[in-house]
Chemist: 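Once you've had a glance at the structure underneath, I'll fire off some questions.
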4 protein chains.
Amino acid sequence: MRWFRAAHDASAKDANRSSSPIGAERDPKRLVTFSDAVIAIAVTLLVLEIQPPEDTEHLLRGLAELWPSYVAYAITFLLIGQMWVNHHVMFDHIRSADRMLLLLNTLLLMVIAFLPFASSLLAHAFESGHGKRTALIFYGATYVVAAILFNVIWEYARHGRRLLTSATDNDTARAISRRFRPAPFWIVVGTALGALHPVVGLVVVIAFIPFYWLPIKGEVGSIQRTREQSRGDT
Amino acid sequence: MRWFRAAHDASAKDANRSSSPIGAERDPKRLVTFSDAVIAIAVTLLVLEIQPPEDTEHLLRGLAELWPSYVAYAITFLLIGQMWVNHHVMFDHIRSADRMLLLLNTLLLMVIAFLPFASSLLAHAFESGHGKRTALIFYGATYVVAAILFNVIWEYARHGRRLLTSATDNDTARAISRRFRPAPFWIVVGTALGALHPVVGLVVVIAFIPFYWLPIKGEVGSIQRTREQSRGDT
Amino acid sequence: MRWFRAAHDASAKDANRSSSPIGAERDPKRLVTFSDAVIAIAVTLLVLEIQPPEDTEHLLRGLAELWPSYVAYAITFLLIGQMWVNHHVMFDHIRSADRMLLLLNTLLLMVIAFLPFASSLLAHAFESGHGKRTALIFYGATYVVAAILFNVIWEYARHGRRLLTSATDNDTARAISRRFRPAPFWIVVGTALGALHPVVGLVVVIAFIPFYWLPIKGEVGSIQRTREQSRGDT
Amino acid sequence: MRWFRAAHDASAKDANRSSSPIGAERDPKRLVTFSDAVIAIAVTLLVLEIQPPEDTEHLLRGLAELWPSYVAYAITFLLIGQMWVNHHVMFDHIRSADRMLLLLNTLLLMVIAFLPFASSLLAHAFESGHGKRTALIFYGATYVVAAILFNVIWEYARHGRRLLTSATDNDTARAISRRFRPAPFWIVVGTALGALHPVVGLVVVIAFIPFYWLPIKGEVGSIQRTREQSRGDT
């Protein structure tokens with residue numbers, strides 16, 4: 001068991017070394033690229049969950065009956081697209097990634113990559129007419145976890161300016177927090193309403209989409225910031 | 001409901017701030033990379049829609065009967081490949097992405113990622129002999145929406161030179177508009193003909209491929225532009 | 001039909017303009033990235049073609065009977081991996097992409113993305129014991145088309161040094177041609193032998209893998225070239 | 001058979017040329033991007049292996065019975081995420097890729113891309129109650145091969161500093177070796193225990209996750225290294 005002990009010692013000593021301000025931090029560029037890839041794949045896999053009608057003799061009717069699949073496809077595509085935008089907003093202000101951030105981000109990706117399953121469940125429940133409440137709560141719960149992880153990642157990076165870029169002022173950091181914080185509550189409310197009446201719950205979740213596509217108040221865009229910096233430099 | 005109000009206020013104030021010429025604009029590079037990923041995945045998922053023949057004892061006959069799947073695969077692959085090229089042509093001339101452009105582009109990707117479903121529907125209709133008209137109209141309608149979104153995105157970026165690069169002259173911008181504008185009409189005609197006779201409609205849609213693979217008249221390629229600029233700089 | 005004529009005129013005039021040495025050429029970097037994405041997805045989708053045994057009570061036996069799926073997975077993965085390497089070798093020496101190259105490359109990607117289907121067909125034929133010859137010829141034919149397209153792309157770029165980088169000397173260009181030329185013949189031979197005896201044909205195709213993983217004689221690696229250039233510059 | 005001989009000669013002469021210290025080496029950036037793509041796809045395809053319950057009338061119960069699928073999804077996602085992190089750790093210190101490294105890395109990707117199959121097998125075994133031992137050994141064996149390949153790649157690159165960056169000191173190289181070496185043994189132990197009692201084996205494999213998410217002792221992060229280098233340069 002020598003290797004085991006050696007490995008254990010190694011990580012124990014690592015903990016002591018973690019007083020170093022840099023430690024095993026690395027450029028978040030790769031993390032962002034990897035996250036983009038997972039999000040792009042998750043969003044494109046959604047289409048595989050739509051099952052073509054088996055009765056090809058009445059194709060028009062069969063296609064019409066698939067409306068819950070189209071709705072679930074569109075909602076989930078837009079919600080994941082939104083997460084993609086907000087993921088970039090967040091990582092525009094993060095200068096480096098430590099192991100904890102890598103782990104938290106992997107958990108977030110795990111939840112996002114799970115959404116095609118939740119989405120197909122929702123569609124099939126509305127198609128069959130059974131289990132709508134269950135499916136909506138399952139779908140909503142998945143989003144709540146994703147929304148919580150967004151908040152956890154951002155607050156972890158922001159706490160004591162642990163991982164923020166030097167160009168990120170505190171107002172911007174606060175504006176992003178303000179933007180991310182309502183999300184879990186909003187979806188919890190939508191999910192709870194969905195437990196009473198699925199369609200009402202769905203409408204509340206859908207209402208979430210336009211709100212989160214709006215720009216973030218007080219957040220200075222990356223281009224503007226860069227321009228101002230370069231002006232400051234000259 | 002404090003968070004709700006705070007969030008609402010935030011976005012309301014955002015609207016007022018939008019008079020700023022820059023706002024939450026950002027470099028479109030990530031948007032292009034993300035779009036490339038979605039397009040690459042959509043195109044590669046097409047193969048999953050081809051179902052191998054169940055009767056393995058007469059594999060040759062089974063494979064021959066799949067010809068509509070191969071045709072649908074090839075047509076859709078080339079059409080999406082075409083969209084990929086034209087997406088780059090367009091974004092070569094867009095200097096930054098605001099939230100509206102992000103939203104429009106997400107809608108476009110949503111439609112492109114839906115094409116494998118429409119393509120498999122088309123293939124199965126021609127294989128079973130049922131629902132050819134319905135499947136062709138469904139397929140054509142999906143393309144029409146994509147073609148309209150291409151035009152909307154470009155005109156949005158071009159309007160008052162809102163998001164164009166400074167290197168993009170008005171002739172080039174007009175040449176791209178001229179290229180994109182016929183697409184929805186072309187496919188509407190193909191789809192309408194397909195409602196009368198599916199094979200004729202399909203042929204019109206296929207005829208669309210060679211036309212759109214041609215270079216755009218009057219559009220100056222990005223390499224040439226760069227060379228001329230660098231010459232100008234010296 | 002005004003738009004139709006306008007569009008037609010546009011492309012007709014384009015043809016006249018094509019005397020320009022640059023035309024609509026663009027940086028091949030995006031083409032390479034897009035190709036990498038399609039190849040990465042095709043290779044990773046291979047696993048979806050392996051169907052888990054239905055009889056879970058005798059899982060070990062069921063897993064053992066899947067051996068043709070594992071073999072097809074490994075062969076196809078290595079062959080596509082090989083294509084990825086050779087695609088890079090080729091595009092290291094291509095300075096820009098015109099529309100024809102874009103089209104040829106899209107055709108190549110279309111064939112590569114089709115391989116998971118051909119591979120699954122091959123595996124199921126050996127599993128069921130039916131249609132081995134047909135499946136092997138189908139599989140081989142797909143590769144032959146890919147190998148021919150590799151040659152067509154390279155000769156198109158090389159012809160009169162049409163699209164080669166200035167750093168590519170004629171020896172290197174010839175070495176790459178020599179490398180690509182045998183591939184279609186080799187696989188045609190393997191496929192023809194497979195028509196007589198499937199296992200022999202498969203062995204010939206597999207023998208192709210180690211040969212094509214070897215470095216290309218006379219080709220100067222991109223790193224070495226860069227070093228020499230930078231030496232030359234100083 | 002002229003082409004055959006020519007090709008054979010070519011590779012034979014290549015072998016003689018391999019005394020050159022550079023040969024066909026190339027920048028590993030593309031290899032890393034390609035690997036990232038394959039890993040991102042493999043991880044996102046995991047969700048397709050979760051089959052929604054067929055009995056939609058008792059959806060809640062059906063979803064609850066899928067717990068092994070959720071567990072397999074989470075474990076495999078975290079293990080592949082871990083591999084992604086360690087793949088970067090490794091390639092941060094590799095300056096160039098020769099053909100052997102390309103081949104070894106392709107083999108590693110082949111094993112990683114196979115994991116969704118092994119994961120779905122594991123989930124279905126626990127769901128059906130049959131074949132748990134077989135499935136766990138199959139799953140564990142796949143990981144052992146991946147862990148061995150990690151070691152082989154690193155030792156190949158490290159041997160005589162064959163492919164290491166000049167910035168990589170021997171302590172860092174050794175620290176990475178120490179980190180990678182226990183992995184195959186750990187998973188062999190977990191798999192062996194799983195052959196006796198599946199749940200115990202699974203717990204040992206899961207215990208592997210937190211250990212490998214820790215930073216590597218003695219390894220200097222890429223950011224820190226870069227900073228020190230740039231300090232040294234001035």
Side-chain angles (χ1 to χ4, degrees), chain A residues 32-33 36-37 39-41 43-53 55-63 66 69-70 73-74 77-78 80-82 84-85 88-89 92 175 178-179 181-183 185-186 189 209-227, chain B residues 1 3-4 6-15 17-18 20 22-27 30 33-42 44-45 48-49 95-96 98-100 102-103 105-107 109-110 112-117 120-121 124-125 127-135 137-138:
Chain A
V32 170
T33 313
D36 278 9
I39 294 172
I41 301 157
V43 106
T44 320
L45 290 182
L46 284 171
V47 80
L48 296 182
E49 305 288 357
I50 311 179
Q51 256 125 48
D55 176 10
T56 52
E57 295 205 32
H58 304 92
L59 190 58
L60 190 58
R61 209 179 56 196
L63 285 173
L66 282 179
S69 282
Y70 311 140
Y73 175 80
F77 205 106
L78 286 173
I80 299 183
Q82 198 171 80
W84 175 68
V85 173
H88 274 295
V89 165
D92 275 353
R178 262 200 314 275
R179 162 59 60 102
R181 227 166 273 159
F185 301 96
W186 190 317
V189 169
I209 297 175
F211 171 68
Y212 264 70
W213 271 100
L214 294 169
I216 294 181
K217 178 223 158 176
E219 195 236 350
V220 179
S222 55
I223 288 178
Q224 189 174 2
R225 207 172 54 241
T226 314
R227 288 194 195 172
Chain B
M1 303 297 269
W3 58 262
F4 184 91
H8 191 264
D9 287 1
S11 53
K13 280 181 204 153
D14 262 342
R17 285 175 59 112
S18 75
S20 136
I22 303 175
E25 283 177 23
R26 40 193 67 235
D27 189 351
R30 281 156 174 181
T33 313
F34 187 76
S35 306
D36 279 9
V38 169
I39 294 171
I41 301 157
T44 319
L45 289 183
L48 296 182
E49 306 288 358
R95 90 172 171 272
S96 74
D98 61 12
R99 289 274 168 150
M100 178 54 95
L102 279 176
L103 180 58
N105 191 65
T106 304
L107 291 173
L109 295 179
M110 189 198 293
I112 293 176
F114 190 71
L115 284 168
F117 177 73
S120 104
L121 218 65
H124 296 320
E127 268 155 33
S128 72
H130 297 297
K132 289 190 226 176
R133 274 179 187 77
T134 308
I137 295 172
F138 193 87

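Each chain gets a letter, A, B and so on, in the order its sequence line appears, and its residues count up from 1.
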Chemist: Output the distance between atom NE2 (His88(A)) and atom CG (Leu102(B)), rounded to the nearest 0.5 Å.
Modeler: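 Rounded to the nearest 0.5 Å, the NE2-CG separation comes out at 9.5 Å.
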
Chemist: What verdict does the side-chain hydrogen bond (donor to acceptor under 3.5 Å, both in side chains) test give for Thr33(B) and Asp36(A), after you've listed the backbone C-alpha separation in whole Å, the side-chain angles of each residue and the deciding distance to 0.1 Å?
Modeler: CA-CA 9 Å; Thr33(B) 313; Asp36(A) 278 9; over 6 Å; no

Chemist: Can you see which heavy atom on Leu107(B) is nearest to which on Leu78(A), and at what distance?
Modeler: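 Heavy atoms only, the tightest pair is CD2-CD2, 4.2 Å.
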
Chemist: Let's test your reading of the structure: which of Leu59(A), Thr44(A), Val47(A) forms the most heavy-atom pairs below 4.5 Å with chain B?
Modeler: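 That would be Thr44(A).
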
Chemist: For Ala135(B), is it the side chain, the backbone, both or neither that has a heavy atom under 4.5 Å from a heavy atom of chain A?
Modeler: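 Contact with chain A is through both the backbone and side chain of Ala135(B).
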
Chemist: Could you go through the side-chain contact (heavy atoms from CB on, under 4.5 Å) check for Val43(A) and Trp84(A) one step at a time?
Modeler: CA-CA 10 Å; Val43(A) 106; Trp84(A) 175 68; over 6 Å; no

Chemist: For chain A, which of Leu121(B), Leu103(B), Leu48(B) has the most heavy-atom pairs under 4.5 Å?
Modeler: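 Result: the option with the highest number of such pairs is Leu103(B).
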
Chemist: Answer with side chain, backbone, both or neither: which region of Leu66(A) has an atom nearer than 4.5 Å to a non-hydrogen atom of chain B?
Modeler: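 It is the side chain, since no backbone atom gets that close.
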
Chemist: With rounding to the nearest 0.5 Å, note down the distance linking OG in Ser120(B) to CD1 in Ile50(A).
Modeler: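 Rounded to the nearest 0.5 Å, the OG-CD1 separation comes to 10.0 Å.
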
Chemist: Which atoms of Ile39(A) are under 4.5 Å from chain B, going by heavy atoms: the side chain, the backbone, both sets, or neither?
Modeler: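 Ile39(A) touches chain B through backbone and side-chain heavy atoms alike.
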
Chemist: Is it the backbone or the side chain of Gln51(A) that comes under 4.5 Å from a heavy atom of chain B, or both, or neither?
Modeler: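 The answer is the backbone of Gln51(A).
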
Chemist: Go through the atoms of Thr106(B) and report whether side chain, backbone, both or neither lie under 4.5 Å from a heavy atom of chain A.
Modeler: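 For Thr106(B), heavy atoms of backbone and side chain both lie under 4.5 Å from chain A.
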
Chemist: Are the aromatic ring centres of Tyr70(A) and Tyr73(A) under 6.0 angstrom apart?
Modeler: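 No, too far apart.
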
